[in-house]
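This report concerns only the one structure given below.
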Amino acid sequence: DWSSDVCSPDLLQPAPPDAAPAESRALRGIYAVLGLVMLAGVLLNLANVIGRYAFAKPIFWAEEVLVALTIWGVFLGAAVVSWRCDHLNMDLFSARVRGPALTVLNAFTAITMASVCAFVAWQSFTIVRLFAETDAVSAGAEIPKIIPHSALLVGFSLSAAAVVLRWRRWVLGPDQPKPATEAPRK
C-alpha cells in the first residue's frame, strides 16, 4: 500500500525545512481539537455513569452531547485521514496496474474523492443554513442543530481541500520525483 509510505509523515517529529508551517500548525490544531473532543466525551460519559449508578441521577442531555462530540470527532478525523492518504483502499485495480495507467487511475480516484467531498460539503452547507434560519435545536439538550451538522460541512470541506492540496501525492504515489536540493555551501 503506497499510502503508508508516502502520505503519512510522523507529525510528532520536527517538520522538514521545506514543509509549510501553516499546514503543520493546521494539522496540529486539528489533532488538539480531536484530543479535546475525545477527552470531553470520556469525562462526560464518566460523569453520567457516576451520576446514574452512584446517585440515581443521570445527566439527561449527556447522550445527545456525546453523539455531537462523536460526529465532530469522526468528520475531523476523516479530514486528517484524507490529508495523510490513510483512507481505506480497494486495490483490486491499482495492484495490477503500473506506469501511466496507474497515474490515470490515481487521478480518477483523486478527482472522484474531491468531487464527492465537495458535493456533500455543499449539501451540508444547505442543511446547516436551513437549521440556522429556523433556529432548530435538539430535543433533550436543546443543542442548536447547526453544531453537529456543521461537522459534516467542515469535515467534507477539509477532505476535499486535502485532496486538492496534496494532489501530487494522491496521483503520483511513491514514485514521485523528489524535489532537487541545493548542495551545501562551504
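Counting heavy atoms from C-beta outward, Ile143 and Pro148 have side chains that approach closer than 4.5 Å. The closest side-chain heavy-atom distance from Val116 to Phe156 is not below 4.5 Å. Taking 4.5 Å as the limit, some side-chain heavy atom of Val120 sits within range of a side-chain heavy atom of Ser124. With a 4.5 Å cut-off on side-chain heavy atoms, Glu63 and Asn48 count as touching.
When all heavy atoms are compared, the tightest approach of Val137 to Pro144 is CG1-CA, 4.0 Å. Of all non-hydrogen atoms in Ala141 and Trp61, the two that sit nearest each other are CB-CB, 3.4 Å. What you find for Leu69 and Val37 is that their closest heavy atoms are O-CG1, 3.2 Å. In terms of heavy-atom proximity, Val97 sits nearest to Leu102 at CG1-N, 3.2 Å. Glu142 and Glu64 get closest at one heavy-atom pair: N-OE1, 4.2 Å. Taking every heavy atom of both residues into account, Ser159 and Ala79 meet most closely at OG-CA, 3.4 Å.
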Q: Determine, stepwise, if the pair Ile127 / Leu153 fulfils side-chain contact (heavy atoms from CB on, under 4.5 Å).
A: CA-CA 9 Å; Ile127 297 300; Leu153 172 61; over 6 Å; no
Q. Could you go step by step and tell me if Ile30 and Leu158 meet the side-chain contact (heavy atoms from CB on, under 4.5 Å) rule?
A. CA-CA 11 Å; Ile30 292 173; Leu158 289 175; 4.1 Å; yes
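Rounded to the nearest 0.5 angstrom, Ser150 OG and Phe75 CZ are separated by 12.0 Å. Rounding to the nearest 0.5 Å gives a distance of 15.0 Å between OH of Tyr31 and CG of Leu36. To the nearest 0.5 Å, the span separating CG on Leu44 from CD1 on Ile59 amounts to 5.5 Å. From Arg52, atom CZ reaches atom CG of Asn45 across 9.0 Å, with rounding to the nearest 0.5 Å. The line from OG1 of Thr70 to CG of Leu66 is 6.0 Å long, rounded to the nearest 0.5 Å.
Cluster membership check: Val154 does not share its hydrophobic cluster with Val67, using side-chain heavy-atom separations under 4.5 Å among Ile, Leu, Val, Met, Phe, Trp and Tyr. Residues Leu34 and Val81 do not share a hydrophobic cluster, clusters being chains of Ile/Leu/Val/Met/Phe/Trp/Tyr side chains in contact below 4.5 Å. No continuous path of hydrophobic side-chain contacts links Val163 to Leu152 [ILVMFWY only; heavy atoms under 4.5 Å].
Between Phe119 and Trp122, the ring centre distance reaches or exceeds 6.0 Å.
Residue Glu133 places its CD atom among more than 12 non-hydrogen atoms of other residues, nucleotides or ligands, all under 6.0 Å distant.
Put simply, the side chain of Trp72 gets close to the backbone of Ile147: a donor and an acceptor are under 3.5 Å apart.
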